[in-house]
2 protein chains.
Amino acid sequence: MNEDSFLAGLRQRLPVASADVVIGPGDDCAAITGADHDLLLLALDQIVGGRHYFEQDDKGSAATAPELVGRKLLARNLSDIAAMGGTPLFCLVGCALSPRLTHTDDWLNRFFDGLLELAGEYQVQLIGGDLAASRQDDVGSLTIVGSVPADQVCRRSGARPGDLLFVTGQFGDSVNTGHHLHFQPRCREGRWLAEQKMARAMIDVSDGLLLDGLRLGQASNIGLQIDLTTVPLRNPERKVKLAISDGEDYELLFAVAPEKAGRLTESWPFAGTPLARIGTAVQNETPEIIDQQGRSLTRNGQMGYDHYSVDD
Amino acid sequence: MNEDSFLAGLRQRLPVASADVVIGPGDDCAAITGADHDLLLLALDQIVGGRHYFEQDDKGSAATAPELVGRKLLARNLSDIAAMGGTPLFCLVGCALSPRLTHTDDWLNRFFDGLLELAGEYQVQLIGGDLAASRQDDVGSLTIVGSVPADQVCRRSGARPGDLLFVTGQFGDSVNTGHHLHFQPRCREGRWLAEQKMARAMIDVSDGLLLDGLRLGQASNIGLQIDLTTVPLRNPERKVKLAISDGEDYELLFAVAPEKAGRLTESWPFAGTPLARIGTAVQNETPEIIDQQGRSLTRNGQMGYDHYSVDD
């Protein structure tokens with residue numbers, strides 16, 4: 001099963017959305033009409049033991065500290081709010097936990113320690129949730145609620161040929177470097193970009209620059225020409241073609257109108273957050289990603305990223 | 001681990017909520033400030049294979065049809081909106097599924113068939129979600145969003161000694177009778193009770209009349225005297241003391257001021273939904289549930305429901 005194609009099919013089965021659904025499924029967050037000309041942003045993301053973090057019984061790896069599991073679950077969702085240019089406000093948390101974690105309250109207490117610490121840093125309030133018993137797997141789900149002024153919301157769509165493509169941070173080797181547990185969601189950066197109306201389209205890069213870049217391209221109906229020599233690498237030893245599909249970067253990719261790019265780089269107020277221009281939006285018959293020589297990096301326009309040939 | 005006591009401890013660790021959190025954790029839904037003097041209601045509930053429905057490998061039971069799994073996940077959440085007197089509007093769905101369900105799209109398509117059919121009946125729009133891979137367990141989580149006029153919201157708190165206690169529907173034997181899969185969430189009934197300002201306090205009974213009654217009692221700081229001979233039974237053969245802790249009823253329990261009870265029973269517009277008076281709210285030093293002879297049905301005031309003696 002391919003998540004993107006399944007969800008695309010599912011979306012086609014949904015009835016026409018009512019007027020108060022401003023952004024439906026298919027972006028980083030949904031948006032509904034909120035109070036005072038704000039949109040309310042909503043997203044749900046999950047974390048699964050052994051998939052998104054290490055468990056005690058994962059071969060050869062130390063178990064991820066429960067605090068970092070809770071932290072990551074919230075951080076993943078904060079990154080979705082960041083990509084819309086929003087401010088995170090509230091969250092609800094579901095946990096389905098196996099008996100090995102629930103025979104005492106210790107694991108879950110530490111899980112919430114980590115989650116609530118990050119929630120405090122980002123001023124997010126935990127307002128609800130559910131605990132359930134599973135048998136084997138440990139699954140967390142979190143729904144994040146945020147807000148953004150309606151005229152500032154950033155979507156995946158909206159990029160135009162000629163726009164310059166920028167990213168925050170660095171890419172690749174997230175798991176080995178521990179970045180996937182310790183990253184700072186780019187909420188301040190995303191909010192600033194929205195407020196300054198810098199980003200014509202934006203996405204959070206969680207499944208790799210290639211796949212998420214393609215998603216932005218599909219939503220905007222453009223191609224992305226990426227100069228692979230300019231992609232900032234988290235680990236300089238990592239080959240760039242691997243780094244752009246490693247995933248778990250939780251950085252922002254956004255398209256900027258050419259006339260705004262100068263002001264963006266000059267006024268970027270986040271000294272600790274690298275900002276890099278990595279390419280250009282281009283007119284293309286089918287949305288795809290090409291490198292600086294014009295060679296396609298996404299062969300079939302959908303999930304090609306894991307099939308493309310690594311030839312350097 | 002006891003869910004209620006863990007969550008009570010967790011709530012004590014939360015910082016003071018901001019003014020836009022009108023109802024924080026601990027009720028059937030949280031409520032935040034919405035548009036146009038409405039509150040926005042939010043709740044998250046989960047469904048776990050082998051716990052909330054039968055799997056192919058559950059001994060001696062046919063697997064629950066995927067349509068009914070999806071239906072139940074939404075229906076559980078609709079029941080939480082009903083208990084606040086709200087109107088359901090939107091939902092987000094997370095699924096963490098094992099390889100035996102994801103090797104084709106069939107199970108998940110049928111799951112969404114059932115979920116979307118019920119969503120259509122209740123005019124709920126699916127606006128987002130997430131799919132993830134688990135290894136063994138199948139876990140669904142759903143966040144429901146609804147709205148209610150601020151002056152009509154029903155909480156667990158607010159019942160007073162002397163209030164009459166009413167319930168919708170019948171109790172007990174939900175799993176054997178299939179009720180847990182086919183029930184109609186009481187959204188229309190809950191909405192009507194809120195609009196008519198009939199319910200001074202309300203809760204959805206999902207974990208048994210005894211436990212959820214105790215939760216209402218704790219929130220309202222009252223005792224509940226229940227006449228066990230008046231509790232409507234789904235299966236007349238079922239002993240009432242078992243029926244009130246079987247769980248999975250998804251009915252409403254609510255407290256009505258004595259002067260309104262006549263109008264309630266006379267004007268109840270839902271011919272297909274039984275309405276029964278089962279007892280009275282009483283002044284008690286500690287919230288507990290007593291029977292018509294004044295005998296406690298909840299020994300320790302917390303999770304006593306599964307320890308009380310069955311002596312008839």
Side-chain angles (χ1 to χ4, degrees), chain A residues 1 3 6-7 9-10 13-15 17-18 20-21 23-25 27 29-30 32-36 40 42-48 50-52 89-90 92-96 98 102-105 108-109 112 116 120 123 125-137 139 141 143 145, chain B residues 1 3 6-7 9-10 13-15 17-18 20-21 23-25 27 29-30 32-36 40 42-48 50-52 89-90 92-96 98 102-105 108-109 112 116 120 123 125-137 139 141 143 145:
Chain A
M1 192 181 63
E3 182 179 3
F6 180 84
L7 294 179
L10 180 61
R13 293 164 56 194
L14 299 180
S18 68
D20 49 355
V21 177
I23 302 176
D27 216 308
C29 295
I32 60 174
T33 308
D36 302 331
L40 215 59
L42 293 136
L44 180 154
D45 221 341
Q46 301 174 99
I47 197 164
V48 181
R51 300 275 181 193
H52 298 101
L89 297 172
F90 312 109
L92 299 94
V93 177
C95 291
S98 62
T102 56
H103 71 283
T104 75
D105 292 350
L108 197 56
N109 267 319
F112 276 109
L116 290 174
Q123 298 184 46
Q125 299 177 75
L126 175 65
I127 59 169
D130 181 56
L131 299 180
S134 67
R135 292 172 298 190
Q136 174 74 30
D137 286 314
V139 179
S141 72
T143 293
V145 182
Chain B
M1 192 180 63
E3 183 179 1
F6 180 85
L7 294 178
L10 180 61
R13 293 163 55 192
L14 299 180
S18 68
D20 50 355
V21 178
I23 302 176
D27 217 308
C29 295
I32 62 175
T33 307
D36 302 331
L40 214 60
L42 292 137
L44 181 155
D45 219 343
Q46 301 174 100
I47 197 163
V48 181
R51 301 274 182 192
H52 298 102
L89 297 172
F90 313 109
L92 299 95
V93 177
C95 291
S98 62
T102 57
H103 73 281
T104 75
D105 292 350
L108 197 56
N109 267 319
F112 276 109
L116 291 175
Q123 296 182 48
Q125 298 177 76
L126 175 65
I127 58 170
D130 180 56
L131 300 182
S134 68
R135 292 172 298 191
Q136 174 73 31
D137 287 313
V139 179
S141 72
T143 293
V145 181

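Chain A is the first sequence line, chain B the second, and so forth, proteins listed ahead of strands; every chain is numbered from 1.
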- Message: Please classify the contact of B/I127 with chain A as side chain, backbone, both or neither, using a heavy-atom distance under 4.5 Å.
- Response: both
- Item | Rounded distance (nearest 0.5 Å) linking atom CG of B/L14 with atom CG of A/L116 | 6.0 Å
- Would you confirm whether B/D130, through its side chain, and A/L44, through its main-chain N or O, come within 3.5 Å as a donor-acceptor pair? no
- Query: Which one of B/A30, B/G94, B/G50 has the most heavy-atom pairs closer than 4.5 Å to chain A?
  - Reply: B/G94
- Below 4.5 Å from any heavy atom of chain B, which atoms of A/S18 appear? Answer side chain, backbone, both or neither. both
- Message: Below 4.5 Å, heavy-atom pairs only: which of B/C29, B/G129, B/P25 has the largest tally toward chain A?
- Response: B/P25
- Let me know if A/A132 has heavy atoms under 4.5 Å from chain B in its side chain, its backbone, both or neither. both
- Please round to the nearest 0.5 Å and tell me the distance separating atom OG of B/S134 and atom CD of A/Q46. 9.5 Å
- Query: Under a 4.5 Å heavy-atom cut-off, does chain B meet the side chain of A/L10, its backbone, both or neither?
  - Reply: side chain
- Item | Which atoms of A/I32 approach chain B - backbone, side chain, both or neither, heavy atom under 4.5 Å | side chain
- Spatial distance of atom CZ (B/R135) from atom CG (A/D137) [nearest 0.5 Å]: 5.5 Å
- Task: Please determine, among B/D20, B/N109, B/D36, the option with the most heavy-atom pairs under 4.5 Å with chain A.
- Result: B/N109
- In terms of heavy-atom pairs under 4.5 Å with chain A, the winner among B/D27, B/V145, B/V139 is B/V139
- Query: With chain A, which of B/A43, B/C95, B/G34 has the greatest number of heavy-atom pairs at distances under 4.5 Å?
  - Reply: B/C95
- Message: Taking side chain as everything from C-beta outward and backbone as N, CA, C, O, which of these in A/L42 sits under 4.5 Å from a heavy atom of chain B? Side chain, backbone, both or neither.
- Response: both
- Donor-acceptor contact below 3.5 Å, side chain A/R51 vs main chain B/A133: yes
- Note on the structure: Rounded to the nearest 0.5 angstrom, the CZ-CG distance for A/F112 and B/L7 is 7.5 Å
- Query: Looking at A/V21 and B/Q125, what are the two nearest heavy atoms and their distance?
  - Reply: CG2-OE1, 3.5 Å
- Picking from A/I23, A/V48, A/T33, A/I47, which has the most non-hydrogen pairs under 4.5 angstrom with chain B? A/V48
- Out of curiosity, A/T102 OG1 to B/F6 CZ, how far, rounded to the nearest 0.5 Å? 11.0 Å
- Which answer fits A/L92, side chain, backbone, both or neither, if we ask what part of it has an atom under 4.5 Å from a heavy atom of chain B? both
- Structural part of A/V93 lying under 4.5 Å from a heavy atom of chain B: backbone
